[in-house]
Visitor: 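Encoded as C-alpha cells, here's the structure I'll be asking about.
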Amino acid sequence: GDSVTQMEGPVTLSEEAFLTINCTYTATGYPSLFWYVQYPGEGLQLLLKATKADDKGSNKGFEATYRKETTSFHLEKGSVQVSDSAVYFCALSEKKGGGADGLTFGKGTHLIIQP
Amino acid sequence: DVKVTQSSRYLVKRTGEKVFLECVQDMDHENMFWYRQDPGLGLRLIYFSYDVKMKEKGDIPEGYSVSREKKERFSLILESASTNQTSMYLCASSLRGSLHFGNGTRLTVT
C-alpha cells in the first residue's frame with residue numbers, strides 16, 4: 001500500500017537556522033501531498049499542501065515542492081523561530097472505502113528550536 | 001473555520017470499563033476518522049465513516065467500535081478497555097482531501 005517515510009528526529013536547530021525535513025512517499029496513483037504541524041498539547045493543523053507534480057505549497061514561511069521524479073515533498077524554511085518547535089507530519093491522500101478522502105501519515109518529525 | 005470538538009481532553013479509566021470518546025464537527029463533512037497517536041508509531045487509523053451509519057475498519061480496528069447516528073457526530077467505543085489502549089486519540093473530518101483535527105483525547109487505562 002501507499003506509505004510515507006520521513007526523518008524522525010528529534011531535529012535540534014538554533015534560531016534563524018535553515019530547516020529541511022525530508023519526506024518521501026510510495027504511491028500507486030497521483031496523490032495530493034500534505035504537511036501537518038502539531039504544537040504541544042494540540043491536535044494536528046494543516047500547514048501546506050500540493051495537489052500535483054511541481055506544485056509548491058507554502059504557508060508561514062514554510063515551503064514544499066511536489067517532486068514526482070524523486071517521489072519527495074521536503075519541507076523547508078529559511079529562518080526558523082523558537083515558536084516553530086513542534087512535531088511535523090508528512091502525509092499523502094488516499095481514497096478509502098465509500099470514496100472517503102483519507103490520509104496516510106509519516107511517523108512525524110519532532111523539531112526543537114533553541115534560542 | 002472548521003471546528004472539530006472532542007468532548008474530553010483527558011480521561012482515566014479502569015481496565016474492563018466501556019469507554020466512549022465523542023467527536024462533533026460543525027461543517028457538514030461527509031467523512032470522519034478516528035486515529036490513535038503513539039510515540040514512534042505516528043498516527044494509525046482505527047475506523048472511518050463516509051456517511052451516516054456507514055463505517056469501515058482502518059488499520060487497527062481490533063478492540064474498538066464506532067457509531068455514527070448523525071452526520072456531525074462520530075463516536076469511538078472501547079468495549080472493554082485494556083492498558084494497551086492507553087494513547088492519544090484524534091478525531092478528524094474531511095471534505096475534498098484536507099483533514100481537520102480536534103485537539104485530541106489523552107486516554108489512560110489503569
Side-chain angles (χ1 to χ4, degrees), chain A residues 1-10 21 23-25 27 29-52 55 57 59 64 66 73 86-110, chain B residues 1-10 21 23-25 29-61 66 68 71 74 88-106:
Chain A
D2 295 356
S3 65
V4 176
T5 302
Q6 61 179 109
M7 51 202 294
E8 289 187 34
I21 300 178
C23 171
T24 56
Y25 67 91
Y30 300 96
S32 296
L33 300 174
F34 303 79
W35 277 101
Y36 279 80
V37 58
Q38 184 179 34
Y39 298 105
E42 298 184 10
L44 277 69
Q45 303 173 26
L46 177 64
L47 181 60
L48 54 84
K49 69 177 184 180
T51 58
K52 61 183 188 297
D55 266 3
N59 187 24
Y66 191 140
F73 193 55
V87 181
Y88 292 81
F89 291 90
C90 185
L92 60 79
S93 63
E94 188 177 31
K95 278 292 184 191
K96 300 286 192 187
D101 290 314
L103 293 181
T104 294
F105 288 88
K107 292 185 177 179
T109 300
H110 186 195
Chain B
D1 266 2
V2 177
K3 193 163 178 65
V4 179
T5 303
Q6 295 183 231
S7 54
S8 305
R9 290 299 301 271
Y10 301 94
L21 303 184
C23 175
V24 177
Q25 51 100 356
H29 286 171
E30 302 286 341
N31 307 318
M32 296 188 75
F33 304 82
W34 276 106
Y35 289 87
R36 64 177 280 177
Q37 182 180 11
D38 300 288
L41 297 176
L43 275 75
R44 293 179 291 167
L45 181 63
I46 305 171
Y47 266 96
F48 66 96
S49 167
Y50 54 88
D51 203 348
V52 174
K53 296 190 189 293
M54 307 305 288
K55 58 190 178 187
E56 288 216 7
K57 295 178 181 179
D59 300 317
I60 52 161
V66 290
R68 190 149 180 221
K71 193 173 190 180
F74 191 37
M88 170 71 88
Y89 290 87
L90 293 167
C91 175
S93 69
S94 80
L95 184 66
R96 290 190 293 275
S98 297
L99 263 62
H100 303 268
F101 284 86
N103 279 336
T105 296
R106 186 166 292 282

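Convention: sequence-line order gives letters A, B, ...; per-chain numbering from 1.
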Visitor: If we define contacts as heavy-atom pairs under 4.5 Å, which of Gly102(A), Gly106(A), Gly43(A) has the most with chain B?
Guide: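 Winner by heavy-atom pair count: Gly43(A).
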Visitor: Does OH belonging to Tyr30(A) count more than 12 external heavy atoms closer than 6.0 Å?
Guide: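 12 or below, so no.
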Visitor: Where on Asn31(B) is there a heavy atom nearer than 4.5 Å to chain A: the side chain, the backbone, both, or neither?
Guide: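 Just the side chain, heavy atoms under 4.5 Å.
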Visitor: If you count the non-hydrogen atoms of other residues, nucleotides and ligands that lie under 6.0 Å from CZ in Arg44(B), is the total more than 12?
Guide: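 Count over threshold, so yes.
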Visitor: So do Tyr36(A) and Leu99(B) actually touch side chain to side chain, heavy atoms under 4.5 Å?
Guide: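 Side chain of Leu99(B) against side chain of Tyr36(A), heavy atoms only: contact under 4.5 Å found.
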Visitor: For Leu44(A), is it the side chain, the backbone, both, or neither that has a heavy atom closer than 4.5 Å to a heavy atom of chain B?
Guide: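 For Leu44(A), heavy atoms of backbone and side chain both lie under 4.5 Å from chain B.
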Visitor: Please flag which part of Ser98(B) lies under 4.5 Å from any non-hydrogen atom of chain A: side chain, backbone, both or neither.
Guide: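 For Ser98(B), the contact with chain A is made by backbone and side chain together.
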Visitor: At a heavy-atom distance under 4.5 Å, which candidate from Thr51(A), Thr104(A), Leu103(A) has the highest pair count against chain B?
Guide: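 Of Thr51(A), Thr104(A), Leu103(A), Leu103(A) has the most heavy-atom pairs under 4.5 Å with chain B.
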Visitor: Rounded to the nearest 0.5 Å, what separation is found between the CD atom of Gln45(A) and the CG atom of Asn103(B)?
Guide: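 Rounded to the nearest 0.5 Å, the CD-CG separation comes to 8.5 Å.
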Visitor: Side chain from CB out, backbone as N, CA, C, O: work out which of these in Gln37(B) comes under 4.5 Å of a heavy atom of chain A, or both, or neither.
Guide: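 Side chain only.
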Visitor: What option among Arg9(B), Met32(B), Met54(B) has the most heavy-atom pairs under 4.5 Å with chain A?
Guide: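 Most heavy-atom pairs under 4.5 Å with chain A: Arg9(B).
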Visitor: For Lys57(B), does the NZ atom have more than 12 heavy-atom neighbours from other residues, nucleotides or ligands under 6.0 Å away?
Guide: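 For Lys57(B), atom NZ is not crowded (no more than 12 foreign heavy atoms under 6.0 Å).
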Visitor: Could you tell me which portion of Gln38(A) (side chain, backbone, both or neither) has an atom closer than 4.5 angstrom to a non-hydrogen atom of chain B?
Guide: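 For Gln38(A), the side chain is the part near chain B, not the backbone.
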Visitor: Using a cut-off of under 4.5 Å for heavy-atom pairs, which of Glu8(A), Lys49(A), Glu42(A) has the most such pairs with chain B?
Guide: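 Going by pairs under 4.5 Å, I would pick Glu42(A).
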Visitor: Under 4.5 Å heavy-atom distance to chain A, tell me which part of Glu30(B) shows up: side chain, backbone, both or neither.
Guide: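 Interface part for Glu30(B): neither.
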Visitor: Go through Ser93(A), Gly41(A), Pro31(A), Ala91(A) and name the one with the most non-hydrogen pairs under 4.5 angstrom from chain B.
Guide: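 Looking at each of Ser93(A), Gly41(A), Pro31(A), Ala91(A) in turn, Gly41(A) comes out on top.
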